[in-house]
Amino acid sequence: MRSIADAMVLKDRDLFMVTDRSGNIPGTVGHGFGLYLHDCRFVSTLQLTVGGVGLEPRATDDSRGNVALIELGNDVDIGLAGGEILPRQRLVVDLRRTLDGARRTVFDDLWFRNLGSVPLRTPVRLAVSSAFEDIFEVRGLIHRRGGRHHALAWEHDRVRLAYEGRDGFVRTTWLQFRPAPDRTDEEGAEWDLDLAAGARFELMVSTTAVESPQVPNAPPPGVAPKRPRRAERDRPPPPTPWLDDQVEVATGSPIFERIVERSFADLRMLISTNGREEYFAAGVPWFVALFGRDCLIAALQVLPYDPSIAAATLRLLAARQGTVHDAYREEEPGRILHELRLGEYAHLGLIPHTPYYGSIDATPLWLCLLGTHAQWTGELELFRELRPHVDAALAWIEGAVDADGFLGYDGGGDGKLVNQGWKDSGDAIVDADGSLGRPPIRLVEVQGYVYEAYRQMATLFERDGDAGRARLLRSSAAGIRRAFDRHFWLADRAFLALGLQEHSAPLRALTSNAGQALWSGIVAAPKARITGRVMTGPRMFSGWGIRTLAVSEPRYDPLSYHLGSVWPHDNAMIVAGLRRYGLDAEAERVFTGLFEAAIDFPGHRLPELFAGYGRNEFESPVAYPVACHPQAWAAGSIPYLLATMLGLEPHGFDRQLVVRRPRLPSWLPSVVLRGLRVGGKHADLRFSRDLRGATRVEAIGKTDLEVVELSSIRRSPG
């Protein structure tokens, strides 16, 4: 698959577009560029040439999420009609592209400018095509079992591309042009460009994706070509203004503030819809879909800034909670889904994602988010509303754990995932000798999620008057913690096992999963500190982040998806674990590494993952070629890291915010949070780093929230 590491990515609601830096979708095979809607690539070629020459980008900007500004120029001489030559960089094309997800349309406005001293007479060509591939085919996971393709249907100033799928849906792409082309054929359209020296020519194009029961004869209303200001003015606002009323963040580091702003802009961009429901799509381009684990972690990351996202996510996943036993989709009563797809292959049942439930951790994470949401809001209403789903989720966990209380999975087959934790690639779970783990697999971090879920639910049951249920859940949590301590500690490696495999044998590879166990508090404090120091040592810490697999392990590969790469969300959760056990210097080191990595990535955007090469090998972080960017839990990582380093600990039922051991690094002298909400109360806070390196917090302006600063380490019950 061709690299998309430097791609331009635009998204609005369910419509998204991935192009090269010229704004083109290359007319070649083996790439992920395209215009997509509901798991279908509606445009697989969209390529502009002038006089047979492709133009190169001079300047680009896609920071707004749904708008791209691109200036193109001719990097080579262009042969003109009559034998004359237009020298390089004498033709400039200004492209402004706007996505309107409500209308499922891309509006392009192109201005051609002749900067040369001679008239410019040459053809402008726009090549266009679509194979209407399902996203699983684009990724090379399934080969086409196709329907009927229609030839391009031209009518004056517009063209229709259509595909009748085997699932009964007709997928159509309409392109409309102003002015109409001078010539058309089966591969695109041409205009005769005739520009005097210094003159300009405007070409407007609209591209619309349509799903319907039959082949339409005309494009829908409101999608004719239009100029950018009108396209933006006509674009309907999102149904729910998530993150519009978020906590305001201002810092003493302009570049860090830009990284924070980019994070929230990416999260807004990833908001998608399923009917009237909204959620964070996991990532562009491969995972623009509802993912249980990803949505839950992203919502958890932004809880300090906007708790409404968590509430919507919890309700959405509860509405699709498993109710029956379905082996193909791995659905079971009480289980929270892993992935929901909406394309042709899903409709035909060629993939089980309708939805697919093969995630071992989404269910306990759903409970963790519900409990943490209540700690921020100080309310039981959502818990009471979702109480039947809570009972079902707890019953699923209790019915799935083994005799020691550990939650695991048996492996896949028939389209199912072999591995069902967050490292879900087929080769992700390995032993110290490089061999693959033998099912059943009980991952280290998943036991922490279950432990935390039990503790969170015990608190809510107790506050709701069910002390007996609370005692049982706390007893179960304590039992898991004791069993965990016996089974998961590798004394000879001074580290936590990746998991338990067949016959309860430990998986002894040094992996980042252990750090997420620290996040939950399940690890005994002395062992947690030893583990944390190993994770931030040279075998695992690259200088920009903690690797998924230590360099000392035989399967280490810095460009492997899960066996040596660095994932921002993984690191953010690990930092929370390090802070929990008082490893503040180690946490700061990882926070600083990710901050410096974000500086180097285009637009200060942390991608889904990047290579695990060390700073002694390369001066900048190395991109993973086909990583999603933006991705929800990568975008949420910097905001989550900031809240973690500030020590924000909500006690919503007591209308109190504990600020535990706030710590700002030297490159971040101050942070101001305005509109922080805990338990219905508000505060504006300023965090400042003094000359001795200590961080202090003070309330500014009016506040009705009790703020308590503590220097102690957060303790987990035994």
At their closest point, which heavy atom of Leu559 faces which heavy atom of Ala611, and how far apart are they?
-> CD2-CB, 3.7 Å
Between Arg178 and Asp157, is there a side-chain N and carboxylate O pair less than 4.0 Å apart?
-> no
Answer yes if the ring centres of His353 and Phe136 are under 6.0 angstrom apart, and no otherwise.
-> yes
N-O pairing of Arg113 and Asp94 below 4.0 Å = yes
Check the angle between the aromatic planes of His562 and Trp567 and answer parallel, tilted or perpendicular using the 30° and 60° thresholds.
-> parallel
Hey, can you tell me if Trp154 and Phe177 have their rings parallel, tilted or perpendicular (30° and 60° cut-offs)?
-> parallel
For Arg125 and Gln47, does a side-chain donor sit closer than 3.5 Å to a side-chain acceptor?
-> no
Could Arg97 and Asp108 be called an ion pair, given the rule that one side-chain N must be under 4.0 Å from one carboxylate O?
-> yes
So, Glu232 versus Asn66: side-chain donor-acceptor pair below 3.5 Å or not?
-> yes
Is a side-chain donor-acceptor pair under 3.5 Å present for Thr98 with Lys226?
-> no
Under 3.5 Å side-chain donor-acceptor pair for Asp14 and Thr273 | yes
In terms of ring plane angle, is the pair Tyr561 and Tyr624 parallel, tilted or perpendicular, where the classes change at 30° and 60°?
-> tilted
Between Asp134 and Arg341, is the closest basic N to carboxylate O distance under 4.0 Å?
-> no
Would you confirm whether Ser130, through its side chain, and Phe42, through its main-chain N or O, come within 3.5 Å as a donor-acceptor pair?
-> yes
Pair Gln176-Trp174, side-chain donor/acceptor within less than 3.5 Å | no
For the residue pair Tyr36 and Phe16, does the interplanar ring angle fall in the parallel (under 30°), tilted (30 to 60°) or perpendicular (over 60°) class?
-> parallel
Is it true that Arg674 and Glu248 have a side-chain N and a carboxylate O under 4.0 angstrom from each other?
-> no
